[in-house]
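Heads up: the structure comes next, in structure tokens.
In this text, all values refer to a predicted model and were calculated from it rather than measured experimentally. Each chain gets a letter, A, B and so on, in the order its sequence line appears, and its residues count up from 1.
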Protein chains: 2
Amino acid sequence: MPKAWKKQSDSGQRELSIELSAALVAVNDEAPKILLVRGQGDDSATHSQFGLPCGPFDPIGHRTLEEGLRTWVREQSGIHLGYTEQLYTFGDRFRDPQEREGGPRPVSVGYLALVRQTDLMSPENADWSDWYRHFPWEDWRAGAPAIVSQVIASGLRAWVETGETRIDKQRRRERVDMTFGLGGATWDNERVLERYELLYEAGLIAETVADGRSRNDDSLLQVHTLMGAALIKDHRRIMATAMGRLRGKIKYRPVIFELMPPNFTLYQLQRAVEALAGVRLHKQNFRRLVANEGLVEATGQIANQTGGRPAEFFRFRRDVVRERPVSGVRLPSRVRTNQQ
Amino acid sequence: MPKAWKKQSDSGQRELSIELSAALVAVNDEAPKILLVRGQGDDSATHSQFGLPCGPFDPIGHRTLEEGLRTWVREQSGIHLGYTEQLYTFGDRFRDPQEREGGPRPVSVGYLALVRQTDLMSPENADWSDWYRHFPWEDWRAGAPAIVSQVIASGLRAWVETGETRIDKQRRRERVDMTFGLGGATWDNERVLERYELLYEAGLIAETVADGRSRNDDSLLQVHTLMGAALIKDHRRIMATAMGRLRGKIKYRPVIFELMPPNFTLYQLQRAVEALAGVRLHKQNFRRLVANEGLVEATGQIANQTGGRPAEFFRFRRDVVRERPVSGVRLPSRVRTNQQ
DNA sequence: CCCCTTATGCTCAAAAATAGCATAAATATT
DNA sequence: AATATTTATGCTATTTTTGAGCATAAGGGG
């Protein structure tokens with residue numbers, strides 16, 4: 001066995017590079033944002049395209065992976081990262097065609113980083129872009145999004161029909177139904193990545209076109225148009241991973257406060273959660289939950305630009321985290337939206 | 001910016017290697033098991049030590065990271081992996097002192113793989129070893145383990161006292177209390193990694209000694225003895241990550257069935273969950289929960305070596321997974337254990 | 001002052017979790 | 001054979017948590 005190891009490691013380790021990428025997430029009132037920077041890579045073809053802040057891991061200069069990431073982000077956006085969490089390591093080739101021919105095999109470590117609203121100014125060459133511009137089907141706050149029922153559902157049904165065998169079609173249909181909550185299944189807001197990968201596989205995504213995959217239906221082109229410009233490399237996939245992870249995490253760890261200013265009203269907090277989760281929540285129950293968890297305490301200050309009765313400002317109780325295993329903002333009942 | 005990138009990537013990418021490691025987990029009735037293999041690495045010093053199945057990622061020979069992992073596991077243990085999940089990518093230097101001086105900088109991608117009980121035969125050079133031999137403080141099925149109250153608590157208290165400033169001590173105490181559920185806090189069975197890292201930092205772990213860190217208290221030696229032999233590299237840390245992840249996952253995804261034989265009694269299922277979670281559960285409520293979730297269906301067959309009234313065999317309903325977002329085996333109330 | 005808005009307190013019913021009691025059906029013990 | 005012991009399984013009473021909504025408070029604008 002040591003022999004096989006040796007052989008492999010001698011032949012294999014040459015063409016390796018590790019890329020560090022960060023999905024910087026913030027919430028601006030109603031809108032979840034992600035930071036995109038322009039012109040990553042020395043390749044002139046990708047120079048004008050947008051992507052996540054990223055850069056190669058330098059085993060000599062970087063003490064740890066996370067430190068390397070922080071350095072790149074600081075360099076490319078001027079932002080000093082706070083809360084950071086590793087997402088996933090992708091070892092497939094990037095889907096960007098430029099990366100296809102030859103060149104080093106990229107292994108990409110994706111991170112999720114949370115940036116507080118107050119630190120939000122768009123740095124040079126960078127842009128805080130709305131999540132849902134890149135994933136319009138993920139926003140259910142105003143009910144089922146039109147793009148799902150009008151474009152995606154039919155596009156996926158078409159894809160189901162292109163299955164080879166009957167079994168194959170059956171399997172595709174099940175997968176479509178459960179990831180997109182069609183055919184009686186329920187929409188699970190955490191399956192962001194699964195939905196993205198499914199759309200990608202079905203050829204309904206901008207990247208597919210860039211990849212040179214076939215696209216022979218007009219409705220698909222329509223989807224493509226709705227998607228906005230593709231990001232470089234596999235950055236859209238990392239975004240999807242980040243969104244899914246964050247949606248899961250806010251339910252059982254109080255990370256939402258990493259995104260809030262020091263003082264906030266309960267409704268601001270609710271709107272931030274709704275923006276990330278992509279659903280509307282029942283207001284009274286939301287405040288009861290937050291209050292019962294003891295996550296926040298009143299400051300005594302009053303906000304009076306609310307448009308109605310003034311709201312009280314609250315702050316996060318950092319100390320509760322030390323007291324007991326504290327579960328984030330468990331989502332109370334979604335408010336039924338009468339669309340769809 | 002592209003300039004900085006270029007500079008970094010030219011100087012940085014030489015000494016890089018990616019190691020793939022798998023924590024293969026199985027449950028044998030009462031005991032959670034993990035597969036250790038002997039003699040990984042061509043270094044003769046580590047040749048007789050045990051570690052997880054692992055090997056370097058070969059960017060030419062391996063199509064994906066996971067495929068590389070499967071290949072290595074197959075080669076080293078003969079096992080063809082089923083359910084597999086990426087855990088984390090570690091970029092710090094291995095803690096093994098052999099790796100310290102020079103040599104390529106290791107980046108290690110850890111995986112969790114679940115192996116069914118029925119496939120359980122110990123391959124040559126490999127050994128299914130009990131989790132709790134390596135983490136005795138994690139097993140609370142018979143109440144608070146003696147090692148926590150008798151050795152770890154005092155060891156950690158001593159470590160708290162070696163804090164420099166008052167603030168520092170305070171911080172250490174809080175961390176100790178919340179990770180080990182001391183001082184009124186509750187034990188969170190998912191914080192396996194945090195506990196391991198804390199013990200490591202406090203110098204209470206076998207690896208610490210191997211690392212050449214100081215150890216100047218007799219009670220610590222006692223802990224060291226209790227821990228069993230250290231594993232190579234950072235494999236104990238990967239194990240801890242795997243255990244924590246799995247404990248979390250069984251609660252919201254039905255992965256427990258990946259570890260069960262096709263047919264099982266409800267009590268066997270409960271014992272498997274208890275073995276992983278490290279706590280005892282309320283029997284009647286457990287079966288009600290499982291039944292209500294519709295995760296299993298009766299087969300009609302009867303087991304009669306139970307030692308009491310014969311139990312019915314059940315099987316996992318694979319189809320429910322497709323029907324709806326199915327939440328694993330939510331742990332019902334822990335049965336109070338009157339120890340501690 | 002009425003009407004709009006948002007904030008916040010409170011209630012009532014439904015659902016789920018917790019903790020046992022009780023009985024059935026086997027094996028082991030006397 | 002009778003009795004104790006063990007495990008399986010059904011059922012219930014109580015408490016807790018959720019879901020949904022009513023009602024009132026407190027601001028601004030006509």
Side chain of R116(A), backbone of F257(A): donor and acceptor closer than 3.5 Å?
yes
Under 3.5 Å, is there a donor-acceptor pair between the side chain of R315(B) and the main chain of E297(B)?
no
With sequence neighbours left out, the residues meeting ring-ring contact (aromatic ring centres under 6.0 Å, His included) with Y111(B) are none
Identify the two heavy atoms, one from H282(A) and one from N285(A), that lie closest to each other, and give their separation to 0.1 Å.
ND1-N, 3.1 Å
Qualifying residue for side chain to side chain contact (heavy atoms under 4.5 Å, CB included) with L114(A), from L246(A), T84(A), L81(A):
L246(A)
Here the distance between atom C1' of dT7(D) and atom CD1 of I302(B), to the nearest Å, is 13 Å
Rounded to whole Å, how long is the line connecting atom CG of N285(A) with atom C1' of dC12(C)?
12 Å
Between G307(A) and L266(A), the residue closer to the 5' end of DNA chain C by nearest nucleotide is G307(A)
Assign each of E312(B) and P310(A) the nucleotide of DNA chain D bearing its closest heavy atom; nearer the 5' end lies the nucleotide of E312(B)
Please give, in whole Å, the distance from dT7(D) C1' to Q268(B) CD?
12 Å
Looking at K283(B), I'd like to know whether one of its side-chain N or O atoms comes within less than 4.0 Å of OP1 or OP2 on dT9(D).
no
Check: dA16(C) base within 3.5 Å donor-acceptor of N292(B) side chain:
no
Using atom CD of E293(A) as one end and atom C1' of dT16(D) as the other, report the distance to the nearest whole Å.
13 Å
List the atom of T299(A), the atom of F314(A), and the distance in Å for their closest heavy-atom pair.
CG2-C, 3.8 Å
Measure from CD on Q270(A) to P on dT8(C) and round the result to the nearest Å.
12 Å
Backbone N/O of L281(A) and side chain of Q270(A): donor-acceptor pair under 3.5 Å
yes
N/O donor-acceptor pair, side chain R288(A) with base dG19(D), under 3.5 angstrom:
yes
For nucleotides 21-23 of chain C, tabulate all protein N/O to nucleotide N/O atom pairs closer than 3.5 Å, reporting atom names and distance.
from, atom 1, to, atom 2, distance (Å)
dC21(C), N4, Q284(B), NE2, 2.6

Between dA17(C) (C1') and R287(B) (CZ): distance, integer Å
17 Å
Roughly, in whole Å, what's the span from CZ in F264(B) to C1' in dA8(D)?
16 Å
Would you indicate which nucleotide in dA17(C), dG21(D), dA8(D) comes nearest to any side-chain atom of H282(A)?
dG21(D)
Take atom OH of Y267(B) and atom P of dA26(C), then tell me their distance rounded to the nearest Å.
19 Å
